[in-house]
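Below is one structure, written out as structure tokens, with a few remarks after it.
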Amino acid sequence: MVDPVRTLDPSLGLVSRAAVYLPNEVGLWRTVAYLANGLQGGIGLSGTVGAFDVSRRLSMTRGAGEAVERFALAPVPADSDYLVADNVCPERRIDFAAAGLGDASAKTFEFPWYRATDLLTGAESHVPAPAVDYSPGKSNEGAPVGRFFDPSPNGAAAGPSEHFAKVAGVAEILERDAFLWAWELRPSLEKFRVDDIADGCSSDPETRSFVRLLEAARVAGVAPTLAFVPDDGGPLETAVCVILGGERGRLFGSVGIKASAHPISALRGALQEGLQIRELFRARAQRADVPRSTMSGFVVTNDESRADFWTMGPAIAELRAWVQSFRALPMPRDRPAPDLDALVKYLAEKGISAHWVSLTHRLPSAIQELGWEAGKAICPGAFPLTMNESKGLSAVLTKPDGRSDHKLTTSMPHPLI
């Protein structure tokens, strides 16, 4: 594995500064870093990455990975040599408009296409650069074509090998797809109960770690609701953590998600993320401004405004109503950890293609020398992760049941931050 401590050393060029904080009241170590290619001064959420975990090492490892994958999403001059397709072949282009990754009006403009690899066939494919690059505040929003794309960090991944990064990137697409369909259709999720943990599993180290974290949260006055997205026969279980809370008179709705072949791993990951987003809301509650009481005229355009949105009463009431519909069902069983081919084939069966864009060349040379690889999975047909609701991008996607198409119509912005 790569060295997370050296990765987060500002002298290597990845971050401008980084810090590791002692465990908070629920026992989570916190790693926070400010990207060296982010907005000057690390203003807001766009140039900041972080990871909470049950140990210092795990927190730093995940934090370093987050920093690497996010850094690699910003374009660099060397892209013309490593990424840009000189002769864009129409047959190799993905249909970004049908997938909701961009508006069809963008086709009237000239913009770069990046070389990618179709993970099912191994053939070269071409994806639009504005659907890959993501550097809020410094992106191509000012360019005419920028208003027709809504890029996100969804599918970005990093690791000690390109294969590791590919698996992580595609798994994240699956995770977000499962949750966003659930948010769109609002089925009753399968509520987790501690009593569902089988007696034979209670001595498992990961299970013990998860139960300790859950107990620590409850002792601290946090009441997370944990549930699973209904199984569609896929290789991963997607767990959801919802924390409805308040700080200094400000309500908030914190949501964390995690997909894994192992239900306990999924639950722990979702709980950690939910607690991490909770701390974000608690920190923002210290600000002097008063939250809006109405959603009228409010538009979510980035993570900052999405966080503001999820302090509004009507939004929290809708999230609470969904949580109240969750029903207790037996916990899903462990399944074999899928390899990359299994993930890609599962997506293909759902009509979703998977493409990988290698972005390692964008990393500082010292970070590359540590062994890091980075890239982004682009999967047309998966539910897109909206960042800027004002773009109004539309798509007609195949529903999870595979039996019908569905035009995306969600009027309530999703709660993923």
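In what follows, every heavy atom counts, from backbone to side chain, and hydrogens, waters and symmetry copies are set aside. The residues of the chain are indexed from 1 along the displayed sequence. The model shown is predicted, which means the values in this text are computed figures rather than measured ones.
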Could you tell me which residues satisfy ring-ring contact (aromatic ring centres under 6.0 Å, His included) with [X], sequence neighbours excluded, listed by chain and number?
X	answer
Phe252	Phe281
Trp356	none
Trp322	Trp183, Phe326
Phe210	Phe192

All side chain to side chain contact (heavy atoms under 4.5 Å, CB included) counterparts of [X], not counting sequence neighbours:
X	value
Lys258	Glu175, Ala270
Glu215	Val211
Ala74	Asn37, Ser135
Thr117	none

Query - For Ala98 against Leu397, the heavy-atom pair lying closest together - result: O-CD2, 4.4 Å
Requested in this report: Locate the shortest heavy-atom distance separating Ala131 from Phe149; write the atom from each residue and the value.
Outcome: N-CD2, 4.2 Å
For [X], check salt bridge (Lys or Arg N to Asp or Glu O under 4.0 Å) against everything at least two apart and list the hits.
X	result
Lys191	none
Asp95	none
Arg362	Asp79, Asp133
Glu273	none

Report summary line: Tested for side chain to side chain contact (heavy atoms under 4.5 Å, CB included) against Leu271, the lone hit among Val26, Leu214, Val240, Leu28 is Leu214
Query raised in the report: Under the criterion side chain to side chain contact (heavy atoms under 4.5 Å, CB included), which of Ile173, Asn154, Val132 is the partner of Lys376?
Result: Val132
**Report entry** Close side-chain approach of His361 and Leu83, heavy atoms under 4.5 Å
**Finding:** yes
Query raised in the report: Do the charged groups of Arg62 and Glu66 touch, with an N to O distance under 4.0 Å?
Result: no
Report task. Output yes when Asp308 and Arg284 qualify as a salt bridge under the 4.0 Å nitrogen-oxygen rule, no when they do not. Result -> yes
